[in-house]
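Before any comments, here is the structure.
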Protein chains: 2
Amino acid sequence: MKDNNDMPGHLARRFQQIAVAVFLAEVEDAGFDLTPVQYAALATIKANPGLDQVTLAGLIAYDRTTITGVIDRLVQKGLAERRPSSRDRRARELEITDEGRRTLRKITPAVESAQRIMLRGLSAKESEELMRLLRKAIAAGNELSRAPLRAAQV
Amino acid sequence: MKDNNDMPGHLARRFQQIAVAVFLAEVEDAGFDLTPVQYAALATIKANPGLDQVTLAGLIAYDRTTITGVIDRLVQKGLAERRPSSRDRRARELEITDEGRRTLRKITPAVESAQRIMLRGLSAKESEELMRLLRKAIAAGNELSRAPLRAAQV
DNA sequence: TACTGATAGTCAGCATACTGAGCAATATCA
DNA sequence: TGATATTGCTCAGTATGCTGACTATCAGTA
(Lines give C-alpha, C1' and ligand atoms only; values in the text may rest on other atoms or scores of the structure.)
Protein backbone atom coordinates (compact mmCIF):
# COMPACT_ATOMS: atom_id res chain seq x y z
CA MET A 1 0.00 0.00 0.00
CA LYS A 2 1.35 3.35 -1.04
CA ASP A 3 1.77 5.92 1.67
CA ASN A 4 0.10 9.29 1.33
CA ASN A 5 3.55 10.83 1.23
CA ASP A 6 4.27 9.03 -2.02
CA MET A 7 1.21 10.51 -3.69
CA PRO A 8 1.94 13.76 -5.49
CA GLY A 9 -1.77 14.58 -5.39
CA HIS A 10 -1.83 14.36 -1.62
CA LEU A 11 1.33 16.44 -1.32
CA ALA A 12 -0.17 19.03 -3.65
CA ARG A 13 -3.24 19.29 -1.46
CA ARG A 14 -1.19 19.68 1.71
CA PHE A 15 1.14 22.28 0.28
CA GLN A 16 -1.75 24.30 -1.08
CA GLN A 17 -3.52 24.03 2.28
CA ILE A 18 -0.49 25.47 4.06
CA ALA A 19 0.05 28.13 1.40
CA VAL A 20 -3.49 29.45 1.80
CA ALA A 21 -3.31 29.45 5.59
CA VAL A 22 -0.01 31.35 5.56
CA PHE A 23 -1.31 33.87 3.04
CA LEU A 24 -4.46 34.59 5.03
CA ALA A 25 -2.54 34.90 8.30
CA GLU A 26 0.03 37.34 6.88
CA VAL A 27 -2.59 39.45 5.16
CA GLU A 28 -4.75 39.60 8.26
CA ASP A 29 -1.73 40.60 10.36
CA ALA A 30 -1.26 43.47 7.94
CA GLY A 31 -4.84 44.53 8.63
CA PHE A 32 -6.46 43.38 5.40
CA ASP A 33 -9.13 40.89 4.47
CA LEU A 34 -8.29 39.45 1.06
CA THR A 35 -7.96 35.83 -0.07
CA PRO A 36 -5.16 34.54 -2.32
CA VAL A 37 -7.68 34.17 -5.12
CA GLN A 38 -8.98 37.71 -4.70
CA TYR A 39 -5.43 39.06 -4.57
CA ALA A 40 -4.41 37.36 -7.80
CA ALA A 41 -7.53 38.59 -9.54
CA LEU A 42 -7.07 42.16 -8.34
CA ALA A 43 -3.38 42.26 -9.29
CA THR A 44 -4.22 40.94 -12.74
CA ILE A 45 -6.99 43.49 -13.24
CA LYS A 46 -4.55 46.24 -12.34
CA ALA A 47 -2.00 44.93 -14.82
CA ASN A 48 -4.60 44.59 -17.61
CA PRO A 49 -7.09 47.45 -17.26
CA GLY A 50 -10.39 46.94 -19.01
CA LEU A 51 -10.03 43.22 -19.55
CA ASP A 52 -13.15 41.04 -19.56
CA GLN A 53 -13.93 38.20 -17.20
CA VAL A 54 -13.02 35.35 -19.52
CA THR A 55 -9.62 36.89 -20.22
CA LEU A 56 -9.03 37.41 -16.53
CA ALA A 57 -9.98 33.81 -15.82
CA GLY A 58 -7.55 32.61 -18.49
CA LEU A 59 -4.67 34.69 -17.16
CA ILE A 60 -4.89 33.18 -13.69
CA ALA A 61 -6.40 29.81 -14.60
CA TYR A 62 -9.70 30.21 -12.78
CA ASP A 63 -12.88 28.59 -13.89
CA ARG A 64 -15.28 31.06 -15.47
CA THR A 65 -18.00 30.14 -13.02
CA THR A 66 -15.64 30.80 -10.10
CA ILE A 67 -14.54 34.20 -11.31
CA THR A 68 -18.07 35.58 -11.12
CA GLY A 69 -18.20 35.24 -7.35
CA VAL A 70 -14.63 36.46 -6.87
CA ILE A 71 -15.36 39.65 -8.78
CA ASP A 72 -18.65 40.06 -6.91
CA ARG A 73 -16.66 40.20 -3.69
CA LEU A 74 -13.98 42.55 -5.06
CA VAL A 75 -16.73 44.88 -6.25
CA GLN A 76 -18.57 44.60 -2.97
CA LYS A 77 -15.38 45.59 -1.12
CA GLY A 78 -14.97 48.58 -3.43
CA LEU A 79 -11.68 47.34 -4.87
CA ALA A 80 -12.81 46.78 -8.45
CA GLU A 81 -15.54 47.86 -10.84
CA ARG A 82 -17.48 45.88 -13.41
CA ARG A 83 -19.08 47.70 -16.32
CA PRO A 84 -20.58 46.67 -19.64
CA SER A 85 -18.15 46.48 -22.51
CA SER A 86 -18.68 48.90 -25.35
CA ARG A 87 -17.37 46.47 -27.97
CA ASP A 88 -19.26 43.36 -26.91
CA ARG A 89 -22.55 43.64 -25.10
CA ARG A 90 -22.11 40.16 -23.56
CA ALA A 91 -18.85 41.11 -21.88
CA ARG A 92 -17.99 43.10 -18.74
CA GLU A 93 -14.92 45.28 -18.53
CA LEU A 94 -13.04 45.19 -15.24
CA GLU A 95 -11.21 48.10 -13.65
CA ILE A 96 -9.36 48.49 -10.39
CA THR A 97 -10.48 51.37 -8.17
CA ASP A 98 -8.23 53.81 -6.33
CA GLU A 99 -9.08 51.96 -3.16
CA GLY A 100 -8.05 48.72 -4.88
CA ARG A 101 -4.76 50.25 -5.94
CA ARG A 102 -4.10 51.45 -2.41
CA THR A 103 -4.90 48.04 -0.99
CA LEU A 104 -2.60 46.28 -3.44
CA ARG A 105 0.25 48.60 -2.59
CA LYS A 106 -0.13 48.25 1.14
CA ILE A 107 -0.62 44.51 1.06
CA THR A 108 2.42 43.65 -1.04
CA PRO A 109 4.87 43.16 1.87
CA ALA A 110 2.49 40.72 3.52
CA VAL A 111 2.06 38.76 0.29
CA GLU A 112 5.81 38.53 -0.22
CA SER A 113 6.32 37.54 3.37
CA ALA A 114 3.75 34.77 2.95
CA GLN A 115 5.61 33.35 -0.03
CA ARG A 116 8.79 33.23 2.05
CA ILE A 117 7.10 31.59 5.02
CA MET A 118 5.49 28.80 3.03
CA LEU A 119 8.98 27.86 1.78
CA ARG A 120 10.73 28.31 5.10
CA GLY A 121 11.78 24.67 5.22
CA LEU A 122 13.73 24.99 1.99
CA SER A 123 17.01 26.67 1.08
CA ALA A 124 17.01 29.34 -1.61
CA LYS A 125 18.29 26.82 -4.12
CA GLU A 126 15.67 24.27 -3.14
CA SER A 127 12.92 26.87 -3.36
CA GLU A 128 13.99 27.73 -6.88
CA GLU A 129 14.07 24.07 -7.82
CA LEU A 130 10.62 23.43 -6.34
CA MET A 131 9.17 26.30 -8.33
CA ARG A 132 10.89 25.14 -11.50
CA LEU A 133 9.49 21.62 -11.13
CA LEU A 134 6.01 22.88 -10.31
CA ARG A 135 6.06 25.15 -13.36
CA LYS A 136 7.17 22.26 -15.54
CA ALA A 137 4.54 19.86 -14.22
CA ILE A 138 1.86 22.53 -14.53
CA ALA A 139 2.84 23.36 -18.10
CA ALA A 140 2.51 19.70 -19.08
CA GLY A 141 -0.84 19.36 -17.31
CA ASN A 142 -2.30 22.72 -18.23
CA GLU A 143 -4.97 21.38 -20.55
CA LEU A 144 -6.08 18.71 -18.09
CA SER A 145 -8.10 21.03 -15.87
CA ARG A 146 -11.28 22.78 -16.83
CA ALA A 147 -9.57 26.13 -16.23
CA PRO A 148 -6.30 26.10 -18.16
CA LEU A 149 -3.98 29.08 -18.30
CA ARG A 150 -4.54 31.21 -21.40
CA ALA A 151 -2.41 34.03 -22.71
CA ALA A 152 -4.21 37.33 -23.26
CA GLN A 153 -5.33 38.01 -26.82
CA VAL A 154 -3.46 41.17 -27.76
CA MET B 1 5.79 43.38 -10.24
CA LYS B 2 6.22 39.72 -9.49
CA ASP B 3 4.77 37.33 -11.98
CA ASN B 4 2.32 34.70 -10.84
CA ASN B 5 4.84 32.09 -11.88
CA ASP B 6 7.23 33.35 -9.22
CA MET B 7 4.67 32.86 -6.48
CA PRO B 8 4.87 29.45 -4.84
CA GLY B 9 1.33 29.92 -3.56
CA HIS B 10 -0.01 30.39 -7.05
CA LEU B 11 1.94 27.39 -8.35
CA ALA B 12 0.60 25.32 -5.46
CA ARG B 13 -2.93 26.22 -6.40
CA ARG B 14 -2.41 25.40 -10.06
CA PHE B 15 -0.75 22.07 -9.40
CA GLN B 16 -3.46 21.05 -6.95
CA GLN B 17 -6.11 22.11 -9.46
CA ILE B 18 -4.60 19.86 -12.12
CA ALA B 19 -4.07 17.01 -9.67
CA VAL B 20 -7.73 16.98 -8.68
CA ALA B 21 -8.93 17.17 -12.28
CA VAL B 22 -6.68 14.27 -13.31
CA PHE B 23 -7.76 12.17 -10.35
CA LEU B 24 -11.45 12.68 -11.02
CA ALA B 25 -11.06 11.96 -14.73
CA GLU B 26 -9.15 8.72 -14.19
CA VAL B 27 -11.51 7.51 -11.50
CA GLU B 28 -14.54 8.29 -13.61
CA ASP B 29 -13.02 6.49 -16.59
CA ALA B 30 -12.69 3.47 -14.32
CA GLY B 31 -16.41 3.73 -13.61
CA PHE B 32 -16.29 5.13 -10.09
CA ASP B 33 -17.44 8.29 -8.41
CA LEU B 34 -14.98 9.13 -5.65
CA THR B 35 -13.09 12.36 -4.94
CA PRO B 36 -9.42 12.49 -3.91
CA VAL B 37 -10.49 13.49 -0.44
CA GLN B 38 -12.96 10.62 -0.14
CA TYR B 39 -10.36 8.19 -1.46
CA ALA B 40 -7.74 9.23 1.09
CA ALA B 41 -10.26 9.01 3.91
CA LEU B 42 -11.48 5.57 2.84
CA ALA B 43 -7.96 4.18 2.40
CA THR B 44 -7.01 5.48 5.84
CA ILE B 45 -10.09 3.96 7.45
CA LYS B 46 -9.22 0.63 5.88
CA ALA B 47 -5.66 0.84 7.21
CA ASN B 48 -6.81 1.85 10.71
CA PRO B 49 -10.05 0.01 11.47
CA GLY B 50 -12.14 1.46 14.26
CA LEU B 51 -10.38 4.81 14.39
CA ASP B 52 -12.37 7.89 15.40
CA GLN B 53 -12.96 10.98 13.27
CA VAL B 54 -10.39 13.20 14.95
CA THR B 55 -7.68 10.58 14.49
CA LEU B 56 -8.65 10.14 10.87
CA ALA B 57 -8.54 13.89 10.34
CA GLY B 58 -5.07 14.04 11.88
CA LEU B 59 -3.73 11.22 9.73
CA ILE B 60 -4.66 12.93 6.48
CA ALA B 61 -4.53 16.55 7.66
CA TYR B 62 -8.18 17.39 7.17
CA ASP B 63 -10.03 19.88 9.27
CA ARG B 64 -12.38 18.21 11.74
CA THR B 65 -15.32 20.16 10.39
CA THR B 66 -14.53 18.97 6.87
CA ILE B 67 -14.26 15.32 7.80
CA THR B 68 -17.87 15.22 8.98
CA GLY B 69 -19.20 15.84 5.49
CA VAL B 70 -16.69 13.54 3.84
CA ILE B 71 -17.71 10.65 6.08
CA ASP B 72 -21.37 11.49 5.55
CA ARG B 73 -20.84 10.91 1.83
CA LEU B 74 -18.80 7.73 2.30
CA VAL B 75 -21.55 6.37 4.53
CA GLN B 76 -24.24 7.48 2.13
CA LYS B 77 -22.47 5.60 -0.68
CA GLY B 78 -22.28 2.51 1.50
CA LEU B 79 -18.48 2.48 1.57
CA ALA B 80 -17.98 3.13 5.28
CA GLU B 81 -19.88 2.86 8.55
CA ARG B 82 -19.97 5.20 11.53
CA ARG B 83 -20.93 3.82 14.92
CA PRO B 84 -20.69 5.06 18.50
CA SER B 85 -17.49 4.21 20.28
CA SER B 86 -17.76 1.92 23.27
CA ARG B 87 -14.89 3.62 25.10
CA ASP B 88 -15.90 7.23 24.57
CA ARG B 89 -19.48 8.21 24.11
CA ARG B 90 -18.48 11.40 22.31
CA ALA B 91 -16.57 9.54 19.63
CA ARG B 92 -17.60 7.60 16.51
CA GLU B 93 -15.71 4.55 15.35
CA LEU B 94 -15.22 4.24 11.61
CA GLU B 95 -15.17 1.00 9.62
CA ILE B 96 -14.86 0.25 5.96
CA THR B 97 -17.61 -1.93 4.47
CA ASP B 98 -17.12 -4.86 2.10
CA GLU B 99 -18.36 -2.59 -0.65
CA GLY B 100 -15.77 -0.02 0.37
CA ARG B 101 -13.03 -2.63 0.28
CA ARG B 102 -14.12 -3.76 -3.16
CA THR B 103 -14.19 -0.18 -4.42
CA LEU B 104 -10.73 0.54 -3.06
CA ARG B 105 -9.32 -2.55 -4.72
CA LYS B 106 -10.85 -1.85 -8.09
CA ILE B 107 -10.01 1.83 -8.06
CA THR B 108 -6.31 1.48 -7.27
CA PRO B 109 -5.06 1.29 -10.87
CA ALA B 110 -6.91 4.51 -11.72
CA VAL B 111 -5.46 6.27 -8.69
CA GLU B 112 -1.95 5.20 -9.57
CA SER B 113 -2.45 6.20 -13.16
CA ALA B 114 -3.61 9.63 -12.01
CA GLN B 115 -0.45 10.14 -9.99
CA ARG B 116 1.61 9.35 -13.08
CA ILE B 117 -0.38 11.62 -15.35
CA MET B 118 -0.13 14.66 -13.09
CA LEU B 119 3.67 14.30 -13.24
CA ARG B 120 3.86 13.51 -16.93
CA GLY B 121 5.94 16.59 -17.65
CA LEU B 122 8.71 15.43 -15.31
CA SER B 123 11.33 12.72 -15.54
CA ALA B 124 11.41 10.02 -12.88
CA LYS B 125 14.25 11.80 -11.15
CA GLU B 126 12.48 15.14 -11.29
CA SER B 127 9.29 13.59 -9.93
CA GLU B 128 11.20 12.19 -6.98
CA GLU B 129 12.83 15.55 -6.37
CA LEU B 130 9.51 17.40 -6.55
CA MET B 131 7.99 15.07 -3.99
CA ARG B 132 11.01 15.38 -1.74
CA LEU B 133 10.84 19.17 -1.80
CA LEU B 134 7.09 19.20 -1.23
CA ARG B 135 7.48 16.85 1.74
CA LYS B 136 10.19 19.07 3.17
CA ALA B 137 8.23 22.29 2.74
CA ILE B 138 5.10 20.64 4.16
CA ALA B 139 6.96 19.31 7.19
CA ALA B 140 8.25 22.79 7.98
CA GLY B 141 4.81 24.35 7.53
CA ASN B 142 2.74 21.61 9.13
CA GLU B 143 1.69 23.64 12.15
CA LEU B 144 0.73 26.67 10.09
CA SER B 145 -2.63 25.31 8.93
CA ARG B 146 -5.64 24.64 11.09
CA ALA B 147 -5.48 20.97 10.13
CA PRO B 148 -1.91 19.79 10.73
CA LEU B 149 -0.85 16.21 10.21
CA ARG B 150 -0.95 14.20 13.44
CA ALA B 151 0.45 10.75 14.09
CA ALA B 152 -2.04 8.22 15.44
CA GLN B 153 -2.01 7.74 19.21
CA VAL B 154 -1.15 4.07 19.67
C1' DT C 1 -17.41 14.63 44.52
C1' DA C 2 -17.84 19.17 42.32
C1' DC C 3 -15.42 22.27 39.40
C1' DT C 4 -12.66 23.30 35.47
C1' DG C 5 -10.62 22.65 31.28
C1' DA C 6 -10.07 19.93 27.31
C1' DT C 7 -11.92 16.99 23.69
C1' DA C 8 -15.29 14.72 19.90
C1' DG C 9 -18.50 15.92 16.95
C1' DT C 10 -21.81 18.93 14.66
C1' DC C 11 -23.69 23.12 12.67
C1' DA C 12 -24.12 27.74 10.33
C1' DG C 13 -21.86 30.67 7.38
C1' DC C 14 -18.53 31.95 3.90
C1' DA C 15 -15.13 31.27 -0.08
C1' DT C 16 -13.18 28.53 -3.59
C1' DA C 17 -13.85 25.02 -7.53
C1' DC C 18 -16.28 22.21 -10.35
C1' DT C 19 -20.54 20.20 -13.64
C1' DG C 20 -24.15 21.24 -16.33
C1' DA C 21 -27.65 24.21 -18.00
C1' DG C 22 -29.37 28.36 -19.79
C1' DC C 23 -29.71 33.24 -21.90
C1' DA C 24 -28.07 36.87 -24.70
C1' DA C 25 -25.07 38.33 -28.06
C1' DT C 26 -21.65 37.61 -31.59
C1' DA C 27 -19.32 35.18 -35.40
C1' DT C 28 -19.39 32.19 -39.30
C1' DC C 29 -20.79 30.47 -43.38
C1' DA C 30 -24.00 28.39 -46.78
C1' DT D 1 -29.43 37.20 -45.15
C1' DG D 2 -30.62 33.32 -42.31
C1' DA D 3 -29.35 29.31 -39.90
C1' DT D 4 -25.85 27.53 -36.96
C1' DA D 5 -22.15 27.50 -33.93
C1' DT D 6 -19.65 29.85 -30.58
C1' DT D 7 -18.84 32.91 -26.85
C1' DG D 8 -19.51 35.78 -22.29
C1' DC D 9 -21.74 35.44 -18.34
C1' DT D 10 -24.80 33.69 -14.78
C1' DC D 11 -27.15 30.29 -11.95
C1' DA D 12 -28.26 25.88 -9.37
C1' DG D 13 -26.21 22.16 -7.28
C1' DT D 14 -22.36 19.63 -5.07
C1' DA D 15 -17.80 19.07 -2.60
C1' DT D 16 -13.93 20.73 -0.20
C1' DG D 17 -11.92 23.87 3.51
C1' DC D 18 -12.08 27.25 6.76
C1' DT D 19 -13.94 30.27 11.30
C1' DG D 20 -16.50 30.32 15.18
C1' DA D 21 -19.93 28.57 18.15
C1' DC D 22 -22.31 24.95 20.50
C1' DT D 23 -23.47 20.38 22.99
C1' DA D 24 -22.09 16.33 25.19
C1' DT D 25 -18.65 14.02 27.35
C1' DC D 26 -14.35 13.09 29.51
C1' DA D 27 -10.21 13.92 32.49
C1' DG D 28 -7.79 16.09 36.08
C1' DT D 29 -7.88 18.15 40.37
C1' DA D 30 -9.10 20.78 44.52
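Lettering follows sequence order; numbering is per chain, from 1. All values below come from the heavy atoms of this structure, side chains included, with hydrogens, waters and symmetry mates left out.
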Query - Pairing residues for B/Tyr62 by the ring pair (Phe, Tyr, Trp, His ring centres under 6.0 Å) criterion, not counting sequence neighbours - result: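 So B/Tyr62 forms no ring pair (Phe, Tyr, Trp, His ring centres under 6.0 Å) with any residue.
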
Could you give the [atom1]-to-[atom2] distance, from [X] to [N], as a whole number of Å?
X	N	atom1	atom2	result
A/Ile67	D/dC11	CD1	P	15 Å
B/Tyr39	D/dT16	OH	P	15 Å
A/Glu93	C/dA25	CD	P	16 Å
A/Ile18	D/dG17	CD1	P	13 Å
B/Asp63	C/dA12	CG	P	17 Å
B/Gln76	D/dT14	CD	P	11 Å
A/Ile71	D/dC11	CD1	P	13 Å
B/Leu94	C/dT10	CG	C1'	14 Å

Query - Closest nucleotide among C/dT26, D/dG17, D/dT25 to the A/Arg13 side chain - result: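 Of the candidates, D/dG17 comes closest.
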
Requested in this report: Name the closest nucleotide to the B/Val37 side chain, picking from D/dG17, C/dT19, C/dT16.
Outcome: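 Shortest atom-to-atom distance from the side chain points to D/dG17.
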
**Report entry** Protein proximity profile, nucleotides 3-8 of chain D - base contact B, sugar-phosphate-only contact S, no contact -, cut-off 4.0 Å on heavy atoms
**Finding:** ----BS

Query raised in the report: Who passes side-chain hydrogen bond (donor to acceptor under 3.5 Å, both in side chains) against A/Gln76, sequence neighbours left out?
Result: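 A/Gln76: no side-chain hydrogen bond (donor to acceptor under 3.5 Å, both in side chains) contacts found.
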
Verify the contact: side-chain N or O of [X] to OP1 or OP2 of [N], cut-off strictly under 4.0 Å; return yes or no.
X	N	value
B/Arg89	D/dT23	no
B/Gln16	D/dG17	yes
B/Thr68	C/dT10	yes

Requested in this report: Remember a base hit wins even if backbone is also touched, and classify A/Thr35 as base, sugar-phosphate or nothing at under 4.0 Å, heavy atoms.
Outcome: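 Sugar-phosphate contact only.
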
Query raised in the report: So what does B/Thr65 hit on the nucleic acid, given a heavy-atom distance under 4.0 Å: a base, only sugar-phosphate, or nothing?
Result: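 The residue B/Thr65 makes base contact.
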
**Report entry** Pairwise 5' ranking along DNA chain D for B/Arg87 and A/Asp72, keeping only the more 5' one
**Finding:**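 Nearest nucleotide further toward 5': that of A/Asp72.
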
So does [Y] get a backbone contact from the side chain of [X], meaning a donor-acceptor N/O pair under 3.5 Å?
X	Y	answer
B/Arg135	A/Asn5	yes
A/Lys77	A/Asp33	yes
A/Arg13	B/Val37	no
B/Glu95	B/Gly50	yes
A/Thr97	A/Gly78	yes
A/Arg120	B/Ala140	yes
A/Ser113	A/Pro109	no

Requested in this report: Please step through salt bridge (charged side-chain N to carboxylate O under 4.0 Å, His left out) for the pair B/Glu126 and A/Arg132, ending with a clear verdict.
Outcome: CA-CA 10 Å; B/Glu126 284 175 327; A/Arg132 183 184 78 81; 3.3 Å; yes

Requested in this report: Before accepting this row, confirm whether a basic side-chain N of the pair B/Lys106/B/Glu99 lies closer than 4.0 Å to the acidic partner's carboxylate O.
Outcome: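 Answer for the salt bridge query: no.
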
Query raised in the report: Salt bridge or not for A/Arg92 and A/Glu81, using N-O below 4.0 Å?
Result: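 No.
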
Query raised in the report: Among residues 135-144 of chain A, which contact DNA chain C at a heavy-atom distance under 4.0 Å?
Result: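 Within this stretch, nothing sits under 4.0 Å of the strand.
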
**Report entry** Net bend of the helix from C/dT1-D/dA30 to C/dA30-D/dT1, end axes of five pairs each, nearest 10 degrees
**Finding:**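 Overall, the helix from C/dT1-D/dA30 to C/dA30-D/dT1 bends by 10° from one end axis to the other.
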
**Report entry** Side chain to side chain, A/Glu129 and A/Leu122, heavy atoms closer than 4.5 Å
**Finding:**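 No, too far: nothing below the 4.5 Å cut-off.
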
Query raised in the report: Going by heavy atoms in the side chains, are B/Ile60 and B/Ile67 under 4.5 Å from each other?
Result: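 Yes, their side chains come closer than 4.5 Å.
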
Requested in this report: Can you sort out which residues in residues 20-30 of chain A have a heavy atom within less than 4.0 Å of DNA chain D? Ascending by number, please.
Outcome: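 Nothing qualifies; none.
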
Query raised in the report: What's the verdict on side chain to side chain contact (heavy atoms under 4.5 Å, CB included) for B/Leu94 and B/Thr55, showing C-alpha distance, side-chain angles and the deciding distance?
Result: CA-CA 10 Å; B/Leu94 304 173; B/Thr55 304; over 6 Å; no

